[in-house]
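Let me begin by presenting the structure, written as structure tokens, before commenting on it.
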Number of protein chains: 2
Amino acid sequence: MKVLENVNVALKANVYFDGKVTSRAIYVGGQKQTIGVVLPGEYEFSTTQPEQMQVTSGSFEVLLPGESQWQTFAEGSTFNLDADVSFSIRATDVAEYLCSYL
Amino acid sequence: MKVLENVNVALKANVYFDGKVTSRAIYVGGQKQTIGVVLPGEYEFSTTQPEQMQVTSGSFEVLLPGESQWQTFAEGSTFNLDADVSFSIRATDVAEYLCSYL
């Protein structure tokens with residue numbers, strides 16, 4: 001099981017969509033990332049800064065900004081987002097991600 | 001916001017009850033703890049070793065082993081559990097905990 005070493009972790013989680021999406025901020029050498037859990041459902045998010053999302057467990061369907069087709073991202077794959085965009089995520093099973101700010 | 005400093009964090013979450021309870025293992029100086037999120041519902045857990053549960057957000061009702069009355073534990077409060085017991089937790093809103101192994 002992969003472990004993120006020597007990080008700072010926010011004790012409280014971020015709770016979205018009645019808890020169907022939760023994430024936790026971690027600080028790696030002062031750099032913020034979030035690790036999140038997504039329960040089955042469809043969710044729209046917005047970015048405020050450029051992000052890289054990595055699927056760390058399960059898989060997501062993602063509707064990237066400006067796209068009309070959902071794409072599937074499997075465990076280990078990544079996708080990038082610009083600042084100030086909206087995108088949607090759909091999960092049919094519990095899935096997880098690591099979000100890094102670029 | 002309280003931050004747990006210089007810890008190791010498991011990248012993957014532990015998923016219980018279809019994701020209605022999720023937790024993440026953290027290692028503080030080699031000592032394992034878990035930080036968890038509980039969505040509204042009632043859940044039964046078992047221990048394998050003595051634990052201290054601290055409510056870190058929201059509140060839980062808890063049915064301690066051998067008790068017939070539910071007790072409410074508010075944010076900041078703790079309760080201890082022996083090894084090899086079962087207990088139940090009930091949350092009406094999203095709540096969070098920190099579990100330490102004694």
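No experiment lies behind these values; they were computed from the predicted model shown. Note on naming: letters A, B, ... go to the chains in the order of the sequence lines (proteins, then strands), and numbering restarts at 1 for each one.
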| query | Which of the residues A:N8, A:L98, A:L39 is involved in the greatest number of heavy-atom pairs with chain B at under 4.5 angstrom? | reply |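 Option with the greatest count: A:N8.
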Going only through I, L, V, M, F, W and Y residues with side-chain contacts under 4.5 Å, is there a path from [X] to [Y]?
X	Y	value
B:Y16	B:I89	yes
B:V55	B:F45	yes
B:Y97	B:L63	no

| said: Test of understanding: with ring-ring contact (aromatic ring centres under 6.0 Å, His included), list the residues that count as partners of B:Y43, not counting sequence neighbours. | reply: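 Residues passing ring-ring contact (aromatic ring centres under 6.0 Å, His included) with B:Y43: B:F17.
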| query | Among B:V3, B:I26, B:I35, whose side chain to side chain contact (heavy atoms under 4.5 Å, CB included) with A:L11 holds? | reply |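 Exactly one candidate clears the test, B:I35.
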| task | Measure across A:R24 and B:E96 and return the closest heavy-atom pair with its distance rounded to 0.1 Å. | result |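 Shortest heavy-atom separation between A:R24 and B:E96 comes out as NH2-OE1, 3.8 Å.
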Chain B contact via [X] - side chain, backbone, both or neither, heavy atoms under 4.5 Å:
X	answer
A:E5	both
A:D18	backbone
A:T56	both
A:V94	side chain

| field | Part of residues 65-87 of chain B lying next to chain A, heavy-atom separation under 4.5 Å | value |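 Residues of residues 65-87 of chain B touching chain A at under 4.5 Å: B:E75.
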| task | Pick whichever of B:V37, B:V15, B:N6 has the most heavy-atom pairs under 4.5 Å with chain A. | result |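 Greatest number of close heavy-atom pairs with chain A: B:N6.
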